Amino acid sequence: MLSPKKVKHRKVMKGRSRGAAYRGSSLAFGDYGLKAMQVGNMTARQIEAARITISRTMKRAGKMWIKVFPDKPMTKKPAEVRMGKGKGSPEFWVAKIKPGRILYEVTGVDEETARKALKLAGDKLPFATKVISKKETL
């Protein structure tokens, strides 16, 4: 699973996610992409689950790029622990997603297969997504 090798701070504040993505909001490598339409957190497990779905649907033909990386630690307190006593320990990693962010890109397969793979991957994510193509954006 994806996680950073080294971080500056072990625990970080939650923060707020406002506005649309301006970085990573256009296709850079592939012909088809999966674009986020809502704000959300994408865990390392969800990134991996969607990656597996895309590669299996494309039958490992073509090429795929993962355009997000989980670099934010999320903490959790153990079950049945009383309030207070500080913040919980880091449990998993997330990537903060803004609307317009390209999550995955694929190339080297026909349009039908690419759209099917990306749609199935989008169904595994906790926010709305949309499949886009390079020829639509031209």
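Side chains included, hydrogens not; waters and symmetry mates left out as well; all remaining heavy atoms used. Predicted model only: the values in this text are computed from it and were never measured.
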[X] versus [Y], closest heavy-atom pair with distance:
X	Y	value
N41	Q46	O-OE1, 3.6 Å
G30	T107	CA-CB, 3.9 Å
I52	S55	O-OG, 3.0 Å
P73	P90	CB-CB, 4.4 Å

Would you find a donor on one side and an acceptor on the other, under 3.5 Å apart, between the side chain of [X] and the backbone of [Y]?
X	Y	value
E105	F29	yes
K124	R51	no
K77	G84	yes
R101	K67	yes
T113	V109	no
K87	V12	yes
K72	K14	yes

**Request:** Quick one: do V7 and H9 satisfy side chain to side chain contact (heavy atoms under 4.5 Å, CB included)? Show the steps, please.
**Result:** CA-CA 6 Å; V7 288; H9 300 288; over 6 Å; no

**Message:** side chain to side chain contact (heavy atoms under 4.5 Å, CB included) for V106 and M58? Distances and angles first, verdict last.
**Reply:** CA-CA 9 Å; V106 296; M58 294 193 327; 3.8 Å; yes

With heavy-atom distances below 4.5 Å as the criterion, would you say the side chains of [X] and [Y] are in contact?
X	Y	result
L103	W65	no
I66	Y104	yes
F127	V39	no
M42	P70	no
K6	P4	no

Atom [atom1] in [X], atom [atom2] in [Y]: separation rounded to 0.5 Å?
X	Y	atom1	atom2	result
I97	I47	CD1	CD1	6.5 Å
L2	T43	CG	OG1	10.5 Å
R115	S133	CZ	OG	5.0 Å
S17	Q38	OG	CD	12.0 Å
L118	D123	CG	CG	11.0 Å
L27	I102	CG	CD1	5.0 Å

**Single-linkage hydrophobic cluster V94~V68, side-chain heavy atoms < 4.5 angstrom** =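 Hydrophobic grouping puts V94 apart from V68.
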
**Message:** Test of understanding: clusters of I, L, V, M, F, W, Y form through side-chain heavy atoms closer than 4.5 Å, transitively. Do L125 and F69 belong to the same one?
**Reply:** yes

**Message:** Closer than 4.0 angstrom, basic N to acidic O: yes or no for R45 and E48?
**Reply:**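 No, R45 and E48 are not salt-bridged.
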
**E111/K135 ion pair, N-O < 4.0 Å** =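 Result for this pair is yes, salt bridge flagged.
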
**Prompt:** If you draw a 6.0 Å radius around NZ in K11, do more than 12 non-hydrogen atoms from other residues or ligands fall strictly inside?
**Reply:** yes

**Request:** Please check if atom NZ in K119 has more than 12 non-hydrogen atoms from other residues, nucleotides or ligands closer than 6.0 Å.
**Result:**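 No, the 6.0 Å shell around NZ holds no more than 12 heavy atoms from other groups.
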
**Message:** Assess the residue pair S3 and M1 against the criterion (side chain to side chain contact (heavy atoms under 4.5 Å, CB included)); give the C-alpha distance rounded to whole Å, side-chain angles, the decisive distance to 0.1 Å, and a yes or no.
**Reply:** CA-CA 7 Å; S3 69; M1 225 135 6; over 6 Å; no

